[in-house]
2 protein chains.
Amino acid sequence: MREPLPADMFDELCPSSLNPIRFGDKWAALIIRCLEQGPRRFSELRVPLSRVTPKVLTQSLRSLERAGLVNRTVYAEATPHVEYELTPLGRSMLEPIAAACAWAEQHWDELLDARESYDDDARLDRTG
Amino acid sequence: MREPLPADMFDELCPSSLNPIRFGDKWAALIIRCLEQGPRRFSELRVPLSRVTPKVLTQSLRSLERAGLVNRTVYAEATPHVEYELTPLGRSMLEPIAAACAWAEQHWDELLDARESYDDDARLDRTG
DNA sequence: CAGTATCCTGTTTGATACTG
DNA sequence: CAGTATCAAACAGGATACTG
């Protein structure tokens with residue numbers, strides 16, 4: 001106990017403009033889960049992600065593509081469309097995401113309670 | 001395959017000002033790991049987190065406290081100081097964080113390669 | 001020691017409307 | 001269908017200086 005902390009832990013987690021341990025941007029993990037069962041078209045993704053504007057959804061998908069987690073395929077046929085699907089790399093990410101989700105689900109009530117009681121205390125501090 | 005996606009997945013992951021599956025803010029996971037071996041004082045945390053300004057470090061610690069992941073204790077003795085330590089809830093989070101870190105480490109090269117080749121392609125698109 | 005106060009920047013996200 | 005363009009808001013994060 002109480003060993004001195006290493007001088008700089010940044011190299012371990014931080015070269016992370018990529019920031020993989022945060023699973024990318026706000027919607028990344030959700031998108032990856034939407035692709036878990038197989039390729040989906042842009043319009044299909046818009047259904048579960050109805051609260052994400054098309055601009056932001058495109059942004060996120062491009063950034064997932066850039067990270068090698070998602071493939072984008074254009075079908076220029078009679079009914080032109082675009083499909084997104086997980087790469088093997090993207091698929092491998094399902095596991096840590098599931099672990100994080102399971103943790104969150106498992107501790108959801110505790111998390112809500114903690115926040116509530118913290119906020120209640122803060123209110124008391126202000127009120128007197 | 002190609003089952004329709006659920007209408008709205010947001011309730012599952014999204015009530016997330018807390019956003020637990022993203023492990024909180026930019027420094028949260030790193031801070032939690034710094035506390036893994038036991039309680040640390042503010043000034044001790046500043047060593048490994050030297051690139052985080054005190055303001056932001058305080059912010060992050062408060063938000064971890066609010067989430068019930070960290071306890072803050074003030075010692076108003078001769079040498080007044082403050083200690084932060086993981087709650088049991090916070091400690092339970094070490095596991096999913098470790099899983100995400102392991103994944104990132106394991107696929108680091110793939111991630112760098114993917115990004116590089118994506119960017120190279122983009123350059124080609126612009127150049128010719 | 002352990003923060004707070006201010007100010008400021010860049011990025012992320014969003015609203016709305018439009019298009020090849 | 002699968003986006004893009006534009007504008008605006010929100011927020012996170014940081015620089016710097018100061019304090020009970």
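Quick note on labels: first sequence line is chain A, next is B, and so on, each numbered from 1.
Under the side-chain contact (heavy atoms from CB on, under 4.5 Å) criterion, A:Ser92 pairs with A:Leu89, B:Trp103, B:His107, sequence neighbours left out. In this structure A:Glu83 satisfies the salt bridge (Lys or Arg N to Asp or Glu O under 4.0 Å) test together with B:Arg2, sequence neighbours excluded. Annotation: side-chain contact (heavy atoms from CB on, under 4.5 Å) contacts of B:Arg62 (sequence neighbours excluded): A:Tyr118, B:Thr58, B:Glu65, B:Arg72, B:Tyr84. Looking at residues two or more places apart in sequence or on another chain, you find a side-chain contact (heavy atoms from CB on, under 4.5 Å) between A:Glu116 and A:Asp120.
Per the geometry, NZ belonging to A:Lys26 stands 9 Å off C1' belonging to C:dT12, to the nearest Å. For A:Arg40 and D:dC1, the CZ to P distance is 16 Å, given to the nearest whole Å. Following rounding to the nearest Å, A:Leu49 (CG) and C:dT13 (C1') show an atom-to-atom distance of 14 Å.
Taken to the nearest 0.5 Å, the OG1 atom of A:Thr87 stands 8.5 Å off from the CD atom of B:Glu110. Rounded to the nearest 0.5 angstrom, A:Ile31 CD1 and A:Leu61 CG are separated by 4.5 Å.
Checking the phosphate oxygens (OP1, OP2) of D:dA2, a side-chain nitrogen or oxygen of A:Ser43 falls inside 4.0 Å.
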Under 3.5 Å, which N/O atoms of the protein pair with N/O atoms of nucleotides 3-6 of chain D?
| from | atom 1 | to | atom 2 | distance (Å) |
| --- | --- | --- | --- | --- |
| D:dG3 | OP1 | A:Arg62 | NH2 | 2.8 |
| D:dG3 | OP1 | A:Arg72 | NE | 3.4 |
| D:dG3 | OP1 | A:Arg72 | NH2 | 2.6 |
| D:dG3 | OP2 | A:Tyr84 | OH | 2.7 |
| D:dT4 | OP1 | A:Arg62 | NH1 | 3.3 |

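For B:Glu95, the CD atom counts as loosely surrounded, since its 6.0 Å shell holds 12 or fewer non-hydrogen atoms of other residues, nucleotides or ligands.
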- Message: Could you write out DNA chain D as dot-bracket? Rules: Watson-Crick or G-U wobble, both distances under 3.5 Å, brackets [ ] for crossings, | for pairs with another strand, dot for unpaired.
- Response: ||||||||||||||||||||
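At a threshold of 4.5 Å between non-hydrogen side-chain atoms, the residues B:Leu86 and B:Val70 count as touching.
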